[in-house]
K.L.:
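Have a look at this one before I ask anything.
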Amino acid sequence: MSVPKGFRDIEPDVARVRYKVIDELRRNYELFGFNPLETPAIEYWETLSGKYGEEAESKLIWRFVDPFSNREYALRYDLTVPLARYVASHPELPLPFKRYQIGLVWRHEEPQRMRYREFMQADADIVGSPYVEADAEVVNVTLKGLWSVGLSDAYVRINHRKLIYHVFEKELQIDNPLPILRIVDKLDKIGPSGVESELLRVGMNESTVRRIMELIQIRGRWGEAEEQLRKVVSQGGVEVINELAELFSLITSSDRSSMFDLSMVRGLDYYTGPIFEFNVESTVAPSVGGGGRYDGLIGLLSKKMDLPATGASIGVDRVVDILVREKQAVNAYREVKVYVIYLKQELYKHAWEIAMFLRNKGIRAEIDLMRRSEAKQRKNALSSGATHLLFVGEKEIATSMYTLYEVSSGQRITAGLEDIAKHVQSA
RNA sequence: GCCGCCGUAGCUCAGCUGGAAGAGCGCCGGACUGUGGAUCCGGAGGUCCCGGGUUCAAAUCCCGGCGGCGGCCCCA
């Protein structure tokens with residue numbers, strides 16, 4: 001028996017890290033004043049149709065006909081479009097509406113390293129504000145979230161759809177810039193010379209290619225990028241550059257945490273303004289998050305209104321993969337756990353009571369459920385990650401004094417249960 | 001969707017010049033009869049990915065699927 005391609009079981013050590021990441025991200029979203037909103041895993045096909053772009057729509061969305069109703073459904077492809085659907089049908093919402101959601105999404109892709117058909121996204125959105133404050137808040141909450149789960153080297157790359165439009169369509173007179181942008185987007189992978197030769201290969205003339213190469217080198221810290229942009233970009237682009245300047249001024253600054261990158265494009269159709277992509281420096285990993293402004297999307301889903309919106313998602317499973325594979329996080333999350341060991345089978349009920357006593361004090365406690373020998377209990381306790389062993393034998397029961405063994409140091413103390421609980425709690 | 005490598009026990013793999021399915025670890029039990037992450041002993045567990053072909057005989061050779069891992073495309 002196996003699970004479908006691209007799906008997987010997440011085993012205890014990894015699942016524990018995953019839950020920790022979720023807890024931490026939740027706390028972080030709440031810290032910024034975002035509200036949870038849960039939307040269903042399944043939407044009507046027509047809700048998702050026409051929102052993402054041709055490729056996603058034709059190949060990447062899980063889509064099926066329910067045999068009972070004969071209606072077409074789809075598994076959600078991201079958390080953004082369902083949010084837009086919700087907002088579109090709730091005109092009474094006070095604005096701005098700030099929400100977060102952490103949940104699974106499904107994409108019909110070929111699985112690969114850190115790429116799955118079912119994965120978890122943590123999404124933050126702000127609906128109603130057309131201002132850069134909203135974009136900056138989304139970027140800040142996402143960056144801080146990534147840092148707080150242990151990816152202290154996470155940073156964001158920022159670009160602007162209107163700037164891309166201005167530069168490539170208006171200035172360079174490229175009718176359909178998408179294929180060109182796809183090539184440009186590979187800059188990090190294949191380098192400048194690779195981009196140049198590919199551009200020439202698809203038939204662009206040399207002077208345009210030279211111009212593009214010049215432009216896409218504009219990336220890095222905003223201060224320097226801004227200077228160059230103002231030199232190179234014509235009059236019509238000034239407004240966008242001003243907007244970006246204001247956006248960057250609001251983003252949690254740290255030397256390397258944010259940069260401008262004119263070569264960064266992003267695939268989803270619904271983006272209209274600033275776009276973001278989150279990466280980590282230290283490891284070879286695909287992006288751990290992405291987002292941007294999508295001012296037209298809610299209008300697509302409502303006949304009566306349109307609202308500006310912006311948001312960003314974290315790829316929770318990619319974060320977990322990086323933590324587990326590259327940063328050895330599995331053992332970092334071990335907490336105190338007392339394993340209560342009964343020395344004779346017939347004493348198990350006493351041990352049982354003691355385990356409950358500890359749990360009622362908020363102390364993690366475990367007890368053998370297989371009526372095993374003391375030696376086996378001890379062995380299992382150690383391999384289960386217990387930090388303390390508590391022995392329950394006839395002598396202990398008679399005197400109400402118990403021996404607590406601390407695994408890491410090998411030290412033992414003998415004391416009453418209340419004292420043992422206090423000792424463990426302070427550990 | 002495309003290209004490459006791989007597919008034998010829960011895991012890591014050996015066996016593959018075709019000739020009765022193996023090891024280590026893990027798991028379960030026992031011994032050492034109260035605090036040894038030790039040692040020793042025993043046990044369970046496999047349609048050798050699936051289907052077809054070649055052959056007296058296929059885990060082993062051939063073909064096709066499926067799946068995993070890397071990469072392309074794309075993305076979180």
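Chain identifiers are assigned alphabetically (A, B, ...) following the order of the sequence lines, protein sequences preceding nucleic acid strands; residue numbering begins at 1 within each chain.
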K.L.:
If B:G22 has a Watson-Crick or G-U wobble mate with both distances under 3.5 Å, name it; if not, just say none.
P.N.:
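B:C13 - that is the nucleotide pairing with B:G22, both distances being under 3.5 Å.
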K.L.:
What does A:E55 touch in the nucleic acid at a heavy-atom separation under 4.0 angstrom: a base, only the sugar-phosphate, or nothing?
P.N.:
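The residue A:E55 makes sugar-phosphate contact but no base contact.
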K.L.:
Using the P atoms only, state how far B:A23 lies from B:G43, rounded to an integer number of Å.
P.N.:
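Straight-line distance between the two P atoms is 11 Å.
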K.L.:
Between A:W352 and A:I367, which heavy-atom pair has the shortest distance, and what is it?
P.N.:
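Closest heavy-atom pair between A:W352 and A:I367: N-CD1, 3.4 Å.
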K.L.:
So which nucleotide does B:G64 pair with, by the Watson-Crick or G-U wobble rule with both distances under 3.5 Å?
P.N.:
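Partner of B:G64: B:C50.
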K.L.:
Mind checking if A:F278 touches a base, just sugar-phosphate, or nothing, with heavy atoms under 4.0 Å?
P.N.:
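Nothing, no heavy atom under 4.0 Å.
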K.L.:
Hey, does A:L389 reach any base, or is it just sugar-phosphate, or nothing, if we go heavy atoms under 4.0 Å?
P.N.:
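Here A:L389 touches no strand at all.
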K.L.:
How far does the C1' atom of B:C32 sit from the matching atom of B:C41, given to the nearest Å?
P.N.:
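Per the computed distance, 12 Å lies between those C1' atoms.
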K.L.:
Provide, to the nearest angstrom, the distance between the CD atom belonging to A:E110 and the P atom belonging to B:C2.
P.N.:
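Nearest whole value for this atom pair: 8 Å.
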K.L.:
Looking at every strand, decide which applies to A:K344 at a 4.0 Å heavy-atom threshold: base, sugar-phosphate, or nothing.
P.N.:
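Nothing: the residue A:K344, judged by heavy atoms under 4.0 Å, touches no strand.
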K.L.:
Between B:C27 and B:U17, how far apart are the P atoms? Round to whole Å, please.
P.N.:
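My reading of the P atoms in B:U17 and B:C27 gives 35 Å.
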K.L.:
Let's see if you can work this out: which of B:G36, B:A76, B:G71 has an atom nearest to the side-chain heavy atoms of A:R412?
P.N.:
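Ranking B:G36, B:A76, B:G71 by closest atom to the A:R412 side chain puts B:G36 first.
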K.L.:
If you only use heavy atoms from C-beta on, which nucleotide in B:G29, B:G36, B:C74 is closest to the side chain of A:M370?
P.N.:
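Of the candidates, B:G29 comes closest.
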K.L.:
Looking only at the side chains, is there a donor atom on one of A:Y100 and A:E30 sitting less than 3.5 Å from an acceptor on the other?
P.N.:
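A:E30 and A:Y100 do have a side-chain donor-acceptor pair below 3.5 Å.
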K.L.:
Would you kindly give the CZ-to-C1' distance between A:R113 and B:C75, to the nearest whole Å?
P.N.:
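Checked: the CZ to C1' distance equals 14 Å.
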K.L.:
To the side chain of A:E374, which of B:C69, B:G36, B:C75 is closest?
P.N.:
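Nearest nucleotide to the side chain: B:G36.
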K.L.:
With a 4.0 Å limit, can you tell me whether A:R378 has a side-chain N or O closer than that to the phosphate oxygens OP1/OP2 of B:G37?
P.N.:
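A:R378 to B:G37 OP1/OP2: no side-chain N or O under 4.0 Å.
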K.L.:
Among the nucleotides B:G36, B:C74, B:G30, which one has an atom lying closest to any side-chain atom of A:L60?
P.N.:
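Among the listed nucleotides, the one closest to the side chain of A:L60 is B:C74.
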K.L.:
5'-most contact on RNA chain B: A:E198 or A:D317, nearest heavy atom basis?
P.N.:
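Whichever sits nearer the 5' end wins; that is A:E198.
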K.L.:
Would you kindly check if the NZ (Lys) or CZ (Arg) of A:R107 is within the cone defined by 45 degrees around the ring axis of A:Y77 and under 6.0 Å from the six-membered ring centre?
P.N.:
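Yes, A:R107 and A:Y77 form such a contact.
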K.L.:
Please confirm whether the backbone N or O of A:K361 pairs with a side-chain atom of A:Q425, one donor and one acceptor, at under 3.5 Å?
P.N.:
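Pair found, side chain donor or acceptor close to backbone of A:K361.
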K.L.:
Considering only B:U35, B:C32, B:G71, which nucleotide approaches the side chain of A:A375 most closely?
P.N.:
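Out of B:U35, B:C32, B:G71, the nucleotide with an atom closest to A:A375's side chain is B:C32.
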K.L.:
Please tell me which of the listed nucleotides, B:C28, B:A38, B:A76, lies nearest to the side chain of A:S287?
P.N.:
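Shortest atom-to-atom distance from the side chain points to B:A76.
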K.L.:
Would the base of B:C75 count as contacting A:R318 through its side chain, where contact means a donor and an acceptor less than 3.5 Å apart?
P.N.:
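Per atom types, the contact qualifies.
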K.L.:
A:I275 has an atom CD1; how far is it from atom C1' of B:A76, in whole Å?
P.N.:
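After rounding, the gap between these two atoms is 15 Å.
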K.L.:
Can you tell me if A:F119 is stacked onto the base of B:A76, using a 5.5 Å centroid cut-off and an angle below 30°?
P.N.:
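Yes; centroid distance and tilt both under limits.
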K.L.:
Considering only the C1' atoms, how many Å lie between B:G46 and B:U8, rounded to the nearest integer?
P.N.:
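Roughly 8 Å separates the two C1' atoms.
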K.L.:
Does a distance-only test, which skips hydrogens and angles, find a donor-acceptor pair under 3.5 Å between the side chain of A:R266 and the base of B:C74?
P.N.:
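Looking at the base of B:C74, it does not pair with any donor or acceptor on the side chain of A:R266 (distance under 3.5 Å).
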K.L.:
Can you check whether A:S287's main-chain N or O pairs, donor with acceptor, with A:R318's side chain at less than 3.5 Å?
P.N.:
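Flag set: sc A:R318 to bb A:S287 pair under 3.5 Å.
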K.L.:
Between A:G393 and A:S373, just flag the one whose closest nucleotide in RNA chain B comes earlier from the 5' side.
P.N.:
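Taking each residue's closest nucleotide, the earlier one in sequence belongs to A:S373.
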K.L.:
With both distances under 3.5 Å as the test, what is the Watson-Crick or G-U wobble partner of B:U39?
P.N.:
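Across any shown strand, B:U39 pairs with B:A31.
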K.L.:
Tell me the interatomic distance from A:Y116, atom OH, to B:C69, atom C1', rounded to whole angstroms.
P.N.:
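Roughly 11 Å, once rounded to whole Å.
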K.L.:
What integer number of Å spans the P atoms of B:G65 and B:C3?
P.N.:
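After rounding to an integer number of Å, I get 11 Å for this pair.
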K.L.:
Could you tell me whether A:G291 contacts a base, only the sugar-phosphate backbone, or nothing, with contacts defined as non-hydrogen atoms closer than 4.0 Å?
P.N.:
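Touches nothing.
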K.L.:
Let's go through A:F278 and A:Y155 carefully: what are the C-alpha distance in whole Å and the side-chain angles of both, what is the deciding distance for ring-ring contact (aromatic ring centres under 6.0 Å, His included) to 0.1 Å, and is it a yes or a no?
P.N.:
CA-CA 6 Å; A:F278 300 86; A:Y155 65 96; 9.1 Å; no
K.L.:
Which nucleotide, in any strand shown, forms a Watson-Crick or G-U wobble pair with B:G1, with both distances under 3.5 Å?
P.N.:
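By the stated definition (distances under 3.5 Å), B:C72 pairs with B:G1.
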K.L.:
Does any donor-acceptor pair link the side chain of A:E396 with the base of B:G34 at a separation under 3.5 Å?
P.N.:
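Looking at the base of B:G34, it does pair with a donor or acceptor on the side chain of A:E396 (distance under 3.5 Å).
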K.L.:
Just compare B:C73, B:G34, B:U35 and give me whichever is closest to any side-chain atom of A:Y405.
P.N.:
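So the nucleotide nearest the side chain must be B:U35.
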K.L.:
With side chains defined as the heavy atoms from C-beta onward, is the minimum distance between A:Q217 and A:M213 less than 4.5 Å?
P.N.:
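The answer is yes; the side chains approach within 4.5 Å.
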K.L.:
For A:D185 and B:C72, what is the distance between atoms CG and P respectively, to the nearest whole Å?
P.N.:
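It is 13 Å, rounded to the nearest whole Å.
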K.L.:
Which whole-number value in Å describes the distance from A:R117 CZ to B:G68 P?
P.N.:
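One finds 8 Å between P of B:G68 and CZ of A:R117, rounded.
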K.L.:
In Å, rounded to the nearest 0.5 Å, how long is the span from CG of A:D269 to CG of A:L300?
P.N.:
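So the gap between those two atoms works out to 10.0 Å.
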K.L.:
Answer yes or no on whether A:R8 is positioned over the face of A:Y116, meaning its NZ or CZ is under 6.0 Å from the six-membered ring centre and within 45° of the axis.
P.N.:
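Yes.
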K.L.:
With respect to the side chain of A:R115, which nucleotide from B:C73, B:G1, B:C27 is positioned closest?
P.N.:
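Selected nucleotide (nearest to the side chain): B:C73.
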K.L.:
Check A:F34, A:Y131, A:F97 against A:I126 for a side chain to side chain contact (heavy atoms under 4.5 Å, CB included) and give me the one that passes.
P.N.:
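Answer to the side chain to side chain contact (heavy atoms under 4.5 Å, CB included) test with A:I126 among A:F34, A:Y131, A:F97: A:F34.
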K.L.:
Could you state the CD-C1' distance from A:E109 to B:C2, rounded to the nearest angstrom?
P.N.:
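Distance, rounded to whole Å: 14 Å.
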K.L.:
For B:G15 versus B:G22, give the span between their C1' atoms, rounded off to a whole number of Å.
P.N.:
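Roughly 7 Å separates the two C1' atoms.
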K.L.:
Which nucleotide, B:G37, B:C32, B:A76, lies nearest any side-chain atom of A:Q121?
P.N.:
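Closest of the options to the side chain of A:Q121: B:A76.
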K.L.:
What's A:V316 touching, base or sugar-phosphate or nothing? Going by heavy atoms closer than 4.0 Å.
P.N.:
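The residue A:V316 makes no contact with any strand.
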K.L.:
Counting the atoms with a prime plus P, OP1 and OP2 as sugar-phosphate, which does A:K376 contact under 4.0 Å by heavy atoms, base, sugar-phosphate, or nothing?
P.N.:
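Counting heavy atoms under 4.0 Å across all strands, the contact made by A:K376 includes a base.
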K.L.:
Check if the side chain of A:R182 and the base of B:C74 share a donor-acceptor pair of N or O atoms closer than 3.5 Å.
P.N.:
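Counting by modelled atom types and ignoring angles, no donor-acceptor contact under 3.5 Å is found here.
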K.L.:
What is the distance from CD of A:Q112 to C1' of B:C6, rounded to the nearest Å?
P.N.:
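Going from A:Q112 (CD) to B:C6 (C1'), I get 16 Å.
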K.L.:
Can you tell me, in whole Å, how much space there is between the C1' of B:C50 and that of B:A58?
P.N.:
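Rounded to whole Å, the distance is 15 Å.
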K.L.:
If you only use heavy atoms from C-beta on, which nucleotide in B:C75, B:G67, B:C69 is closest to the side chain of A:K5?
P.N.:
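Shortest atom-to-atom distance from the side chain points to B:G67.
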K.L.:
Is there a Watson-Crick or G-U wobble partner for B:U55 with both distances under 3.5 Å, and if so, which one is it?
P.N.:
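None - no nucleotide pairs with B:U55, as no candidate has both distances under 3.5 Å.
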K.L.:
Using the P atom in both, what is the distance from B:C2 to B:C56, to the nearest Å?
P.N.:
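Here B:C2 and B:C56 have their P atoms 38 Å from each other.
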K.L.:
Any N or O donor-acceptor pair under 3.5 Å from the base of B:C75 to the side chain of A:E277?
P.N.:
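For A:E277, whose side chain was compared with the base of B:C75, there is no donor-acceptor pair (under 3.5 Å).
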